[in-house]
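Beneath this line is the structure, given in structure tokens, with notes to follow.
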Amino acid sequence: MDLVFSSREETSRRLARLDEITAKFGNPFFITKFEKTHSAENIKKEFSALNPGETSGKSVSVAGRIMSIRNNGMFIDILDDSGRLQIFHNIKTLDVARADLLKLLDLGDIIGVSGLVRRTPRGEITVDAESLTILSKAVEPPPAKFHGLKDIEFRFRHREQDLAVTEKTRNTLRKRYQMISYIRRYLEDSGFLEVETPMMHTIAGGTIAKPFLTHHEALDMTLYMRIAPELFLKRLAIGGISEKIFEINRCFRNEGLSPKHNPEFTSIEIYQCYVDFTSMIELTEQIVSHVAMKLNGTMKLPFGDKEIDFTPPWPRKGMTELIREVTKLDLDKFPNADDALREAKKIGVLLEDGLCWGQIVEAVFGKKVEHTLIQPTHVIDLPKEISPLAKAWPDRPNVAQRFETYINGWELANAFSELNDPREQKARFLEQAEQKRGPDDPPHPIDADFIRALAFGMPPMGGLGIGIDRLAMLMTDSPTIRDVIAFPTMRPIVGKEAAED
RNA sequence: GACCUCGUAGCUCAGCUGGUAGAGCAUCUGACUUUUAAUCAGGGGGUCGCGGGUUCAAAUCCCGCCGAGGUCACCA
């Protein structure tokens, strides 16, 4: 049995047609180029003035995938990256060779066509083919002719087929990549320098998350796929490479999958010297509202049955203040962890013993408040205990100069006035290492290199991280993160042979 | 990792309390020829996710496994 090609009759028939095409017209896979003069969209624009039944005198060359064949090949719809276009083969003017080739075409094949543009009596802009070239043979047929694919698993495992037949997939993924491009251009125009930092770390730092492990053979050492780029970005800023830097790249976290979590995801982190976290609030609003306008032309976007209004400014509310509004519980009145734990239990948030006050606040917020924050909201005044890389307020030593932006109940952004006191940073790391975490989690390692870098003198600065995938979900009305990731993480299908081993 | 739901033709889906495996599209053959998901007639295509069990009889009931979706936990 062939492990690659399907054993379907359809496939052997297509392979036979490929052999016949090769014998009569040459091997299509030897072709290396085809000169396109127009895209489907260009033609529709350029010849929009043609009246029904009118033919232009202009010849064009187009290419794309065959999506539909009607009337025995008289009408063929091709799809290129701009859209669909109808090709016409007049049975009366066909030469024998072209008629022969036409019979050997299948849905999914890639063809190139040259001919005059006209508008048919029915009103469709059409290319009257004068020459036809098959540029690639689809040996396996496309899965669906009109309505796109519905099987979620099939779509993610075979994204190329999903893209070819599902318009919504094409639009969503294009918007995602355009969005990243708009963000990049916006920041570059604002004087930011895009930088790169390591994807493989010897210490998984910058946040708390379970890392993926890998191994370097030559150095015989464990490396961690990065969980955040933060510490390296700060080191670039310390060196003074630029006072405004950003990185758009992948992070990896060895944790559960969900509609808003994929093991690898894309974040942008931005650092700007000589500003505080309030400037990062403004930057967050600027970036998000900019891409909303660029991509959709409006600040009010539908998401499922909701409408989200991205028009800035967005309200800023304290974390304990929000908990009080939703649950009536004022955790600021219970600054002792044991008391806070007891009060949390009273409103139905059951937590294990040993958590610090900040972790309790965070947990209550997560359980009771998070899902209520549908419209964009900046949550400020986060506990210092859960913000080891943020400056605290001089007059409120337990409160970090930090915010998290919530939209549609999700954390979208996280930012602070970056801590730049090396002694304080060391103390915070030591404190963090003491904090209770999951039963199987190893103690959090301390990145001494980073503290030494701070000791070299880091200017005061604001830092910001935004979840790119989640922002793409919001911009494209996508209910799951896998819709906006071209190839989301999937379990492989174990073949029969492997199962028998 | 736990729980719930799902897995039937290439695709989208029917298939009731167990009784010979179905439709539309795709595909093939023929007809027709300025169509728009072309139309008309006919044909082929199935280990009903995989394995076991109950039964005279299993797509259907039971158990295990694989895969997926959802919820929870962890987290962004």
Side-chain angles (χ1 to χ4, degrees), chain A residues 6-14 17 52-53 67-77 84-92 106-108 118-126 128 138 140-158 161-162 165-166 206-211 227-228 251-267 269 350 352 362-363 366-367 370 404-407 409-414 437-441 465-471 473 479-482 488 490-496 498-500:
Chain A
S6 78
S7 53
R8 288 154 54 191
E9 267 178 51
E10 169 84 16
T11 300
S12 28
R13 189 185 59 72
R14 282 170 178 250
R17 282 186 174 178
M67 300 304 283
S68 171
I69 301 176
R70 296 182 296 279
N71 294 33
N72 295 337
M74 182 180 273
F75 294 96
I76 293 176
D77 286 353
R84 273 186 180 244
L85 182 68
Q86 181 168 272
I87 307 297
F88 178 76
H89 289 275
N90 192 330
I91 213 162
K92 288 161 193 143
D106 287 300
L107 291 186
R118 80 176 154 107
R119 191 185 290 279
T120 64
R122 302 288 183 103
E124 187 78 21
I125 289 288
T126 300
D128 281 348
E140 300 282 356
K145 189 178 167 189
F146 7 95
H147 33 56
L149 283 168
K150 287 202 172 154
D151 186 282
I152 290 170
E153 182 178 351
F154 186 96
R155 287 181 44 218
F156 294 157
R157 286 193 195 280
H158 307 281
Q161 297 190 45
D162 184 30
V165 302
T166 314
T207 184
I208 295 178
K210 196 179 286 181
I227 54 175
C251 292
F252 308 87
R253 298 192 186 170
N254 204 343
E255 284 155 0
L257 288 74
S258 90
K260 33 176 196 167
H261 298 91
N262 196 64
E264 55 177 308
F265 64 100
T266 302
S267 73
E269 288 206 4
L350 300 176
E352 52 193 319
E362 186 181 31
K367 285 273 191 302
E370 206 173 276
E404 290 181 331
T405 304
Y406 284 82
I407 304 179
W410 313 329
E411 184 192 332
L412 182 80
N414 178 21
R437 299 174 54 214
D440 301 326
D441 294 336
I466 299 175
I468 291 293
D469 310 283
R470 290 180 181 180
L471 187 56
M473 290 167 72
T480 111
I481 197 168
R482 317 179 111 199
M490 305 285 284
R491 269 200 171 91
I493 292 191
V494 179
K496 222 174 185 175
E500 282 164 2

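These values consider heavy atoms only, across backbone and side chains, with no hydrogens, waters or symmetry-generated copies.
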**OP:** Show the numbers, then the answer: is there a side-chain contact (heavy atoms from CB on, under 4.5 Å) between A:Met473 and A:Trp410?
**Re:** CA-CA 11 Å; A:Met473 290 167 72; A:Trp410 313 329; 3.4 Å; yes

Subject >> Pair partner, B:rU60 [Watson-Crick or wobble, under 3.5 Å] >> reply: none

**OP:** Please report, rounded to the nearest Å, how far the C1' atom of B:rG67 is from the CZ atom of A:Phe156.
**Re:** 15 Å

Subject >> Watson-Crick/G-U partner (both atom distances under 3.5 Å) of B:rA73 >> reply: none

**OP:** Report the distance from atom CZ of A:Phe154 to atom P of B:rG7, rounded to the nearest whole Å.
**Re:** 18 Å

Original post:
A:Met490 has an atom CE; how far is it from atom P of B:rA68, in whole Å?
Top reply: 5 Å

Original post:
So what does A:Arg118 hit on the nucleic acid, given a heavy-atom distance under 4.0 Å: a base, only sugar-phosphate, or nothing?
Top reply: base

Original post:
Could you state the NE2-C1' distance from A:His158 to B:rA68, rounded to the nearest angstrom?
Top reply: 13 Å

Original post:
Atom CG of A:Asn72 and atom P of B:rC32: how far apart are they, to the nearest Å?
Top reply: 10 Å

**OP:** Determine which nucleotide pairs with B:rC40, using a 3.5 Å limit on both distances of a Watson-Crick or G-U wobble pair.
**Re:** B:rG30

Original post:
Sequence neighbours excluded, which residues qualify as ring pair (Phe, Tyr, Trp, His ring centres under 6.0 Å) partners of A:Phe265?
Top reply: none

Subject >> Residue whose nearest RNA chain B nucleotide is more 5′ - A:Arg491 or A:Leu412 >> reply: A:Arg491

**OP:** Determine the contact category for A:Glu255: base if any of its heavy atoms lies under 4.0 Å from a base atom, sugar-phosphate if only primed atoms, P, OP1 or OP2 are that close, otherwise nothing.
**Re:** base

**OP:** Encode nucleotides 22-29 of chain B as B, S and - characters from 5' to 3', where the letter depends on protein heavy atoms closer than 4.0 Å: B to the base, S only to sugar-phosphate, - to neither.
**Re:** ---SSSS-

**OP:** State the pairing partner of B:rC25; accept Watson-Crick or G-U wobble contacts with both distances under 3.5 Å, and report none otherwise.
**Re:** B:rG10

Subject >> Pairing partner (Watson-Crick or G-U wobble, both distances under 3.5 angstrom) of B:rU54 >> reply: none

Subject >> Given B:rA76, B:rC11, B:rU34, the nucleotide with the shortest approach to the side chain of A:Phe88 >> reply: B:rU34

Original post:
Which nucleotide sits closest to the side chain of A:Lys150: B:rU12, B:rA68, B:rU34?
Top reply: B:rU12

Original post:
Considering every strand shown, what is the Watson-Crick or G-U wobble mate of B:rC65 when both distances are under 3.5 Å?
Top reply: B:rG49

**OP:** Remember a base hit wins even if backbone is also touched, and classify A:Gly256 as base, sugar-phosphate or nothing at under 4.0 Å, heavy atoms.
**Re:** base

Original post:
Base, sugar-phosphate alone, or nothing: which one does A:Asp151 contact when heavy atoms must sit under 4.0 Å apart?
Top reply: sugar-phosphate

**OP:** May I ask you to say what A:Glu140 touches in the nucleic acid, namely base, sugar-phosphate or nothing, with a heavy-atom cut-off under 4.0 Å?
**Re:** nothing

**OP:** For A:Glu124, report the nucleic acid contact type (base, sugar-phosphate, nothing); a contact means any heavy atom under 4.0 Å.
**Re:** base

